[in-house]
Amino acid sequence: MAKNLYFFDEGDGSNKKLLGGKGAGLCTMAQLGLPVPPGFVITTEVCRRYYESGGKLPGELMNEVGAAMQKLEKLTDKHFGDLNNPLLVSIRSGSMLSMPGMMDTILNLGLNDESIEGLAKGTKNERFAYDAYRRFIQMFGKIVLGIDGKKFEEAFDGHKHKVGAKLDTELKAEDMKEIVRQFKQIIKEEKGEEFPNDPNEQLRGAISAVFKSWNTKRAKEYREFYKIPHDLYTAVNVVTMVFGNMGPDSGTGVAFTRNPATGKKALFGEFLFNAQGEDVVAGVRTPLRIAELEEKSPQLYQQLIEIVGKLEQHYREMQDVEFTVEQGKFYMLQTRAGKRTAQSAVKIAVEMAEEGLITRKEAVLRIEPKQIEQMLHKQVDPKAKGQIIAKGLNASPGAAVGKVVFDSERAKEMGEKKEKVILVRPETSPDDVGGIIAAQGVLTSRGGMTSHAAVVTRGMGKPAVVGCESIKIDLNKRSFEVGGVTVKEGDTITINGSTGEVILGEAPLIEPQMSVEFEKLLSLADEFKRLQNWANADYPQDAKRARELGAQGIGLCRTEHMFFEEKRLPLVHQMILAETEEERKGALKKLLEIQKGDFKGILKEMNGLPVVIRLLDPPLHEFLPKYEELLEEVIMRRMSREKPAELEAAEKLLKRVEAMREANPMMGLRGCRLGITRPDINEMQVRAIFEAACELKREGRDPKPEIMIPLVGHVNELKVVREQLEQVARKVMLKHGVDVSYKFGTMIEVPRAALTADEIAEFAEFFSFGTNDLTQMTYAYSRDDAEGKFMFKYIEQGILDFDPFQTLDRKGVGKLMRIGVELGRGRRSELEIGICGEHGGDPESIKFCHELGLNYVSCSPFRIPVARIAAAHAALRAGEAEKQRYL
Ligand code: ADP
Ligand code: MG
Ligand code: MG
């Protein structure tokens, strides 16, 4: 028969599953020799049996509890229900994972009409004793007997009113006695029976109530939201009461062993003289900062320092503790790992590694990639004093400033004019995605942490405050109202998605802070990772930023963005629309010079590191005006009959554009297909790359261009294009008389390429999985349509578990990648393989790429820090899994 309960000096403090977090902590502290009031833990297993038997305490339990109480009486030399020296206990819940505020604690159990005398005598404070008694009856009535708490509050307020007291502290012992009488009366009226005077009956009721509180609606909802299993159950801790409210040499406090906001290594917390545990958090009186305690009572402070020091050494982790001082004697009531901000977590992990308290590996593993993500968002300057007008749920971190708009169309219009807007809606739907993209951030008055607005903004990395119910939106008037303030469309607000605050006007934002510890942590991560982190960057300044953030190469330099720039677009038009060979060559020549400059810039920034440059990929008509717009122009001009020359030009252009129209551009004339039908563009680009590289080489630098041919589906496409382009490259190098180290390779983004990767590897020195297109083609989803129209529904209905454009789909797309890697490396063992979709910055996808044995993952520069940590975690966790296999 398993033991149902453990005294603090015998329970296994490492077994949180059995004893709950609170119970395990109390056991550990007791066994470390720290002052813990005597007590015992009833295990989570008992709670399981309670539920399995349909809500009955196991038969033998109360006998065992009875024996334990006798032992407790011996230990404390007090007696349960005693007239002179009563033993009082607290009954506290505590599960393996903490669920703050979700379950109940009952204090001062054991008080009854006899022991109240003992307490009053023992403390020489009748008022205090009766105050404790009325609190106990109230808690017991509410939690154990299920009476509406309002009944007690009304009676309490009623008496206060009657005697003309404003504050609770003005009530005298006599008043408390009267309130006790009234509370008992309430219980009798509500339940038809007396308040149980027998402490054993109180105990039994309280234990059942703690078990019951595991399955209240709010506790269940909390677990569902935080994905905490429902079958962990709660333990019950029976702890001898100690009193922090027995005079000036008593008090109670909470403390963190390090600063939970900044991570600074200094005790942080609060202390309240002459108060009970809950008074500190309830904000009745303003507590002292722990630093002030040092001045007021150096002895207590010294004890606290010693105790928490021991705890940190033992747990090798920052602790959050509750303690009480009873007439100068110190008692520890709780310890647990302290919650902290991302910034604090990083500093603590790095410093603990430096102190030798934890290993460097542990330091890296303690920081989740998600926390790094949080640190990379803009924040509201903490020194700013804005007017906070409302507070909602902090659904997606970061801060944003913008003009309020109430519909997505308007957001898009203003977004196109580069105006900063905040989309304010009662809630959002898939129709709003365009508006969300155009906005700096989103504010909704309805919906929770998993509402559409919350999910979509988190995916995009945009700040959002949702479920901000205090704002009353009037869509017709285009304004919202909150606390007497009216905010109209066009007014500026700031939202703080990290705290849920809505601030009137423009609050100053600060760039994310890269602390020294942050840099150190990332360097530590680099020691353990096997995957390299490359960046997707199209411009020299992006490449520079990426390199500063730790990029080890450029995995994707898209050249089409370079074509879109204002000064270049006319040249691009000329090149596409040229009617004579001469005209076309002229345009290409000018573009060559410009592109050479682009490539020189980026290769220079990445000196010594590989730069994968993708040749022109999109269909050419993307660079021309839209067909519909041209058509409209032609019609207008025809009607106006003015400027016939311009009409003619427009008609000509319309014809050309019409000829280039495609039924499905995504699968049309683009990528290597374009390169095969229009080799001149590819040749120009390769010439530009090698001219740039050769010049750099002659300047004594070390450029490493890698030419990437997009959208290959058949080996012959690659073969033809590569042969032709490599000749161009050789000619340029010959002309300059230098050798550039280069590679030719391809993007694997068409399923057929993955399936025939062995043939393709024959002509490619590298593969780069274009996981975005590969996902589109594998699922036959066009990303924009999917995310705008049905992706959210799919996820909501559980058809898909996640958005495959954000996290790589291992089963389908991943299988193609695995085939691609195996076939490719089978033919060419030194084949360099990476990915260049945004998946390269997603921790889950990075893990998969590590498992596949890729050489690198490439993502946007700003996600590089997250990706570095994720790569290290993938390597360290893979090691763990391996170790376990051998055990
Ligand atoms: P929570 O999980 O909400 O913190 P606790 O079980 O820790 O609930 O108890 C609530 C408050 O009562 C805390 O301030 C705690 O320190 C205090 N408390 C609990 N048990 C005792 C006790 N035996 N003696 C004195 N104070 C106690
Ligand atoms: Mg607590
Ligand atoms: Mg592509």
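For ligands, and for the atoms within them, numbers begin at 1 and follow the listed sequence. Just so it is clear, the model here is predicted, and its values are computed rather than measured.
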Which one of Arg336, Lys22, Arg92 has a non-hydrogen atom at the shortest distance from atom 2 (O) of ligand 1?
Lys22
When you look at Phe140 and Phe195, which way does the ring-ring contact (aromatic ring centres under 6.0 Å, His included) test go after all the steps?
CA-CA 9 Å; Phe140 194 89; Phe195 167 74; 5.7 Å; yes
Nearest N/O/S atom of Glu322 with respect to the Mg ion (ligand 2), by atom name, please.
OE2
Between Lys142 and Phe152, is NZ or CZ placed under 6.0 angstrom from the six-membered ring centre and within 45° of the ring axis?
no
Is the ring pair Phe271/Phe323 parallel, tilted or perpendicular, if the boundaries are 30 and 60 degrees?
parallel
Closest non-hydrogen atoms of Phe256 and Leu267, given as atom of the first, atom of the second and distance, are O-CD1, 3.4 Å
Atoms of ligand 1, numbered as shown, that sit under 4.0 Å from any heavy atom of Val242
24 (N), 25 (C)
Using the six-membered ring wherever Trp is involved, compare the ring planes of Tyr222 and Tyr226 and label them parallel, tilted or perpendicular (cut-offs 30° and 60°).
tilted
N or O pair under 3.5 Å between Thr240 and ligand 1:
yes
Just which atoms of ligand 1 are under 4.0 Å from any heavy atom in Ser90?
19 (C), 20 (N), 21 (C), 22 (C), 23 (N)
Side chain, backbone, both or neither: the part of Met241 lying under 4.0 Å from ligand 1 by heavy atom:
both
For the pair Asp131 and Arg135, find out whether any cationic side-chain nitrogen is under 4.0 Å from an anionic carboxylate oxygen.
yes
Report whether any nitrogen, oxygen or sulfur of Thr105 sits less than 2.8 Å from the Mg ion (ligand 2) (N, O or S, backbone or side chain).
no
Test your reading of the structure: does Glu322 have an N or O sitting under 3.5 Å from an N or O of ligand 1?
yes
Using a 4.0 Å heavy-atom cut-off, say whether Gln276 meets ligand 1 through its side chain, its backbone, both or neither.
neither
Are Lys184 and Glu194 within salt-bridge range, i.e. N to O under 4.0 Å?
no
Using a 4.0 Å cut-off to any heavy atom of Val239, which atoms of ligand 1 qualify?
23 (N)
